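Notes for the one structure printed next.
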Amino acid sequence: MSTDFEQNTAWIRRAQTDMKAFVEGLASRLEGDMPGFVEVERKRDGLFAKTSHIEAITIHTDNNDYFLKQNGVHVSTVRAKTVRGVVLKHEDLPLSVWLESLVADLADLSGAMQGASNTLHDFLMG
């Protein structure tokens with residue numbers, strides 16, 4: 001039993017370390033790839049510190065708004081159905097479900113933008 005306990009606690013420690021790096025990487029990637037759709041809140045690590053950490057990430061899509069909040073090693077994720085700035089539905093989701101939903105909404109947004117771009121191109125060139 002002690003071996004299972006030790007293995008479980010080792011995985012938890014590793015996941016906590018990995019999660020901070022994951023959130024940093026996710027924020028960096030989203031900011032670079034989707035300007036105007038992503039807001040990242042950073043907090044300085046101390047009063048005179050040059051370093052900071054991610055406190056929250058917000059991603060806006062046509063279908064939903066996605067919120068990720070990091071508090072130390074804990075990460076919480078929320079999907080909100082928002083229409084004209086009014087939140088109609090608010091769901092706390094496990095990180096894996098949140099990511100799957102975000103990827104699906106980004107695919108929908110990409111398809112809509114691609115269709116609009118093609119239609120506008122055809123109109124202007126036709």
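FYI, the numbering just counts along the sequence from 1. No experiment lies behind these values; they were computed from the predicted model shown.
Closest non-hydrogen pair, D45 versus S52, comes out as OD2-N, 3.5 Å.
Side-chain atoms of E39 and H60, non-hydrogen and from C-beta on, do get closer than 4.5 Å to each other. Using a 4.5 Å cut-off on side-chain heavy atoms (C-beta onward), V75 and W98 make no contact.
Partners of R42 according to the salt bridge (Lys or Arg N to Asp or Glu O under 4.0 Å) rule, which considers only residues two or more places apart in sequence or in another chain, are E31. In this structure, the side chain to side chain contact (heavy atoms under 4.5 Å, CB included) partners of V78, at least two apart in sequence or on a different chain, are F67, H90, D92. Contacts of E24 classified as salt bridge (Lys or Arg N to Asp or Glu O under 4.0 Å), with partners at least two apart in sequence or in another chain: none. For D33, the salt bridge (Lys or Arg N to Asp or Glu O under 4.0 Å) partners are R29, not counting sequence neighbours.
The hydrophobic cluster containing V87 does not contain I59, counting ILVMFWY residues as joined when their side-chain heavy atoms lie under 4.5 angstrom apart, directly or transitively. Placement of L102 and M113 within a single hydrophobic cluster is found when ILVMFWY residues are connected by side-chain heavy-atom separations under 4.5 Å, directly or transitively.
In this structure, the side chain of T61 does not engage the main chain of L106 through any donor-acceptor pair within 3.5 Å. Looking at T119, its side chain does come within 3.5 Å of a backbone N or O of G115 through a donor-acceptor pair.
To the nearest 0.5 Å, the span separating CZ on R44 from NE2 on H53 amounts to 12.5 Å. Atom CD of E41 and atom CG of L68 lie 11.0 Å apart (nearest 0.5 Å). D62 CG to F37 CZ: the interatomic distance, rounded to the nearest 0.5 Å, is 7.0 Å. Between the CG atom of L30 and the CD1 atom of I57 there is a distance of 6.5 Å, given to the nearest 0.5 Å. Taken from CG in N63 to OG1 in T82, the straight-line distance is 10.5 Å, to the nearest 0.5 Å. To the nearest 0.5 Å, atom CD1 of residue I54 and atom CG of residue L26 are 9.0 Å apart.
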Q7 and D4: CA distance, side-chain angles, deciding distance, side chain to side chain contact (heavy atoms under 4.5 Å, CB included) verdict = CA-CA 5 Å; Q7 286 178 341; D4 289 340; 4.0 Å; yes
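Sorted pairs that involve residues 103-126 and meet salt bridge (charged side-chain N to carboxylate O under 4.0 Å, His left out), not counting sequence neighbours, are lacking altogether. Listed by first and then second residue, the salt bridge (charged side-chain N to carboxylate O under 4.0 Å, His left out) pairs involving residues 70-81 are R79-E91 (not counting sequence neighbours).
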